[in-house]
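Note on naming: letters A, B, ... go to the chains in the order of the sequence lines (proteins, then strands), and numbering restarts at 1 for each one. Quantities reported herein were computed from a predicted structural model and do not represent experimental measurements.
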Number of protein chains: 2
Amino acid sequence: MDDSNYIDLDEETLFLVSQTFKALSDPTRIRILNLLFNREFSVNEISEHLHLRQSTVSHQLRFLKNLRLVKFRREGTSIYYSHDDEHVLNVLNETIQHALHH
Amino acid sequence: MDDSNYIDLDEETLFLVSQTFKALSDPTRIRILNLLFNREFSVNEISEHLHLRQSTVSHQLRFLKNLRLVKFRREGTSIYYSHDDEHVLNVLNETIQHALHH
DNA sequence: TGTTTATATGAGTATATGTGCATATATGTA
DNA sequence: TACATATATGCACATATACTCATATAAACA
């Protein structure tokens with residue numbers, strides 16, 4: 001391979017990149033991240049706003065939490081989630097804008 | 001919803017965005033797009049460079065072609081593929097760089 | 001402690017996805 | 001036309017994924 005800026009991706013990078021995009025490849029997760037764009041929401045609030053079952057939201061939040069795309073804080077019995085990765089959120093937002101205007 | 005820049009995503013946008021990221025969520029497709037970053041390659045060349053079966057490459061190229069992420073031209077019996085979406089390629093490249101340096 | 005409310009999790013299920021084999025299609029050439 | 005080479009495609013199969021129900025866990029409060 002004689003192309004100067006070709007980078008042969010190692011397995012770890014490949015896995016991390018694919019996992020990141022996998023997080024953004026599901027409509028439900030996109031809706032959740034899009035909702036969290038401006039401010040935090042509790043699990044129930046997300047569930048109500050997006051008309052999703054509580055367990056569905058919880059499962060997807062665990063997915064996003066494992067990838068460190070969201071963070072949370074407890075307040076009484078509620079748990080408030082907010083986004084935690086500027087880069088990924090920018091990528092998502094750019095692509096949404098791109099889709100909306102094309 | 002009183003948050004000014006919250007956008008309730010319509011189904012079509014949601015589908016397009018999720019499909020775009022789905023294209024980038026598979027290691028094989030990432031490797032192919034990454035290979036095509038600098039120049040075009042035939043199906044066989046891709047197959048040899050990445051050590052993938054010809055049918056696997058062909059299947060994935062069809063996927064990428066349907067999303068208009070790659071284009072192709074015929075030359076004799078060979079078909080040369082190259083990338084065809086600057087935005088998506090930028091997003092992929094940014095995320096690869098982000099993963100490599102963090 | 002017992003009850004209520006909020007969230008997390010395990011199991012089951014239906015569907016989606018990625019790959020490989022075998023084969024079809026298409027182009028070039030003898 | 002017959003044959004070789006390159007690519008595409010249908011089918012089968014194993015695995016991954018997203019969702020739902022039921023239930024577990026955790027905090028607040030009477």
Side-chain angles (χ1 to χ4, degrees), chain A residues 9 11 14-36 40-84, chain B residues 9 11 14-36 40-84:
Chain A
L9 301 171
E11 207 157 321
L14 212 49
F15 181 73
L16 182 57
V17 172
S18 64
Q19 281 296 108
T20 301
F21 286 123
K22 190 158 290 176
L24 302 177
S25 73
D26 175 69
T28 300
R29 288 192 290 270
I30 293 177
R31 295 177 72 209
I32 292 175
L33 286 172
N34 185 57
L35 182 64
L36 299 182
E40 63 179 11
F41 284 85
S42 72
V43 177
N44 259 347
E45 287 174 337
I46 296 172
S47 178
E48 287 163 17
H49 274 290
L50 303 182
H51 306 292
L52 297 167
R53 309 263 175 184
Q54 179 266 320
S55 67
T56 297
V57 174
S58 213
H59 278 302
Q60 297 298 4
L61 284 173
R62 179 169 56 171
F63 185 108
L64 297 171
K65 191 171 57 180
N66 287 340
L67 279 169
R68 298 175 191 279
L69 300 186
V70 297
K71 60 179 185 293
F72 63 96
R73 66 178 184 86
R74 180 178 280 281
E75 187 176 307
T77 53
S78 293
I79 298 186
Y80 286 86
Y81 281 85
S82 54
H83 64 80
D84 197 29
Chain B
L9 301 170
E11 208 157 322
L14 212 49
F15 181 74
L16 182 57
V17 172
S18 63
Q19 281 297 108
T20 302
F21 287 123
K22 190 157 290 177
L24 303 176
S25 72
D26 175 69
T28 300
R29 288 192 291 270
I30 293 177
R31 294 177 71 208
I32 293 175
L33 287 172
N34 185 57
L35 181 64
L36 299 182
E40 65 180 11
F41 284 85
S42 73
V43 178
N44 259 347
E45 287 173 336
I46 297 173
S47 178
E48 287 163 17
H49 274 290
L50 303 182
H51 306 291
L52 296 167
R53 310 261 174 185
Q54 180 268 320
S55 68
T56 297
V57 174
S58 213
H59 279 303
Q60 297 299 4
L61 284 172
R62 178 168 57 171
F63 185 109
L64 296 171
K65 190 171 60 181
N66 287 341
L67 278 170
R68 299 174 191 280
L69 300 186
V70 296
K71 60 180 186 290
F72 63 95
R73 69 179 183 85
R74 178 178 283 279
E75 187 176 307
T77 53
S78 294
I79 298 186
Y80 287 86
Y81 281 84
S82 53
H83 64 81
D84 197 28

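Side-chain nitrogen and oxygen atoms of B:R74 include none within less than 4.0 Å of the OP1 or OP2 phosphate oxygen of C:dA26. A close approach under 4.0 Å does not occur between any side-chain nitrogen or oxygen of A:Q60 and OP1 or OP2 of D:dT17. For the pair B:Y81 and D:dA8, the criterion of a side-chain N or O lying under 4.0 Å from OP1 or OP2 is met. Side-chain nitrogen and oxygen atoms of A:S78 include none within less than 4.0 Å of the OP1 or OP2 phosphate oxygen of D:dA27. Distances shorter than 4.0 Å separate some side-chain N or O of B:T56 from OP1 or OP2 on C:dG20. Proximity of B:N44 to the phosphate of D:dT7: a side-chain N or O atom is located under 4.0 Å from OP1 or OP2. Taking 4.0 angstrom as the limit, B:S58 places a side-chain polar atom (N or O) nearer than this to OP1 or OP2 of D:dA8.
Rounded to whole Å, the distance from CG on A:L64 to P on C:dT7 is 16 Å. Rounded to a whole Å, the OH atom of A:Y80 is 13 Å from the P atom of C:dA8. If you measure from atom CZ of A:F72 to atom P of D:dA26, you get 13 Å, rounded to the nearest angstrom. In this structure, B:N66 places its CG atom 15 Å from C1' of C:dT17, rounding to the nearest Å. Atom P of nucleotide D:dA12 and atom CZ of B:R53 are separated by 20 Å, given to the nearest angstrom. Protein atom CZ of B:R62 is 15 Å distant from nucleotide atom P of C:dT25, rounded to whole Å. Straight-line distance from the CG atom of B:L50 to the P atom of C:dT19: 12 Å, rounded to whole Å. B:K22 places its NZ atom 15 Å from the P atom of C:dT15, with the value rounded to the nearest Å.
Nucleic acid contact for A:S55: base, since at least one base atom lies under 4.0 Å from a heavy atom of the residue.
Side chain of A:S58 to backbone of A:Q54: no donor-acceptor contact under 3.5 angstrom is found.
Minimum interatomic distance between A:L36 and A:H83 (heavy atoms only, all atoms of both residues): O-CD2, 3.0 Å.
For the pair A:I79 and A:H59, both in contact range of DNA chain C, the more 5′-proximal nearest nucleotide belongs to A:I79. DNA chain D is contacted by both A:Q19 and A:E75; A:Q19 maps to the nucleotide lying nearer its 5′ end (nearest heavy atom per residue).
The aromatic rings of A:F72 and A:Y81 sit tilted relative to each other, their planes meeting at an angle between 30° and 60°.
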Next item on the list: I would like to know whether A:L33 and A:V70 meet side-chain contact (heavy atoms from CB on, under 4.5 Å); could you show each step before the answer?
Entry: CA-CA 8 Å; A:L33 286 172; A:V70 297; 4.0 Å; yes

Next item on the list: Go through A:R31 and A:L52 one step at a time and tell me if the side-chain contact (heavy atoms from CB on, under 4.5 Å) criterion holds.
Entry: CA-CA 10 Å; A:R31 295 177 72 209; A:L52 297 167; 4.1 Å; yes

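Distances were taken from every side-chain heavy atom of B:T77 (C-beta onward) to each of C:dT7, D:dT7, C:dT27; the shortest belongs to C:dT27.
If you check distances only, the side chain of A:Q54 never reaches the base of C:dA6 with a donor-acceptor pair under 3.5 Å.
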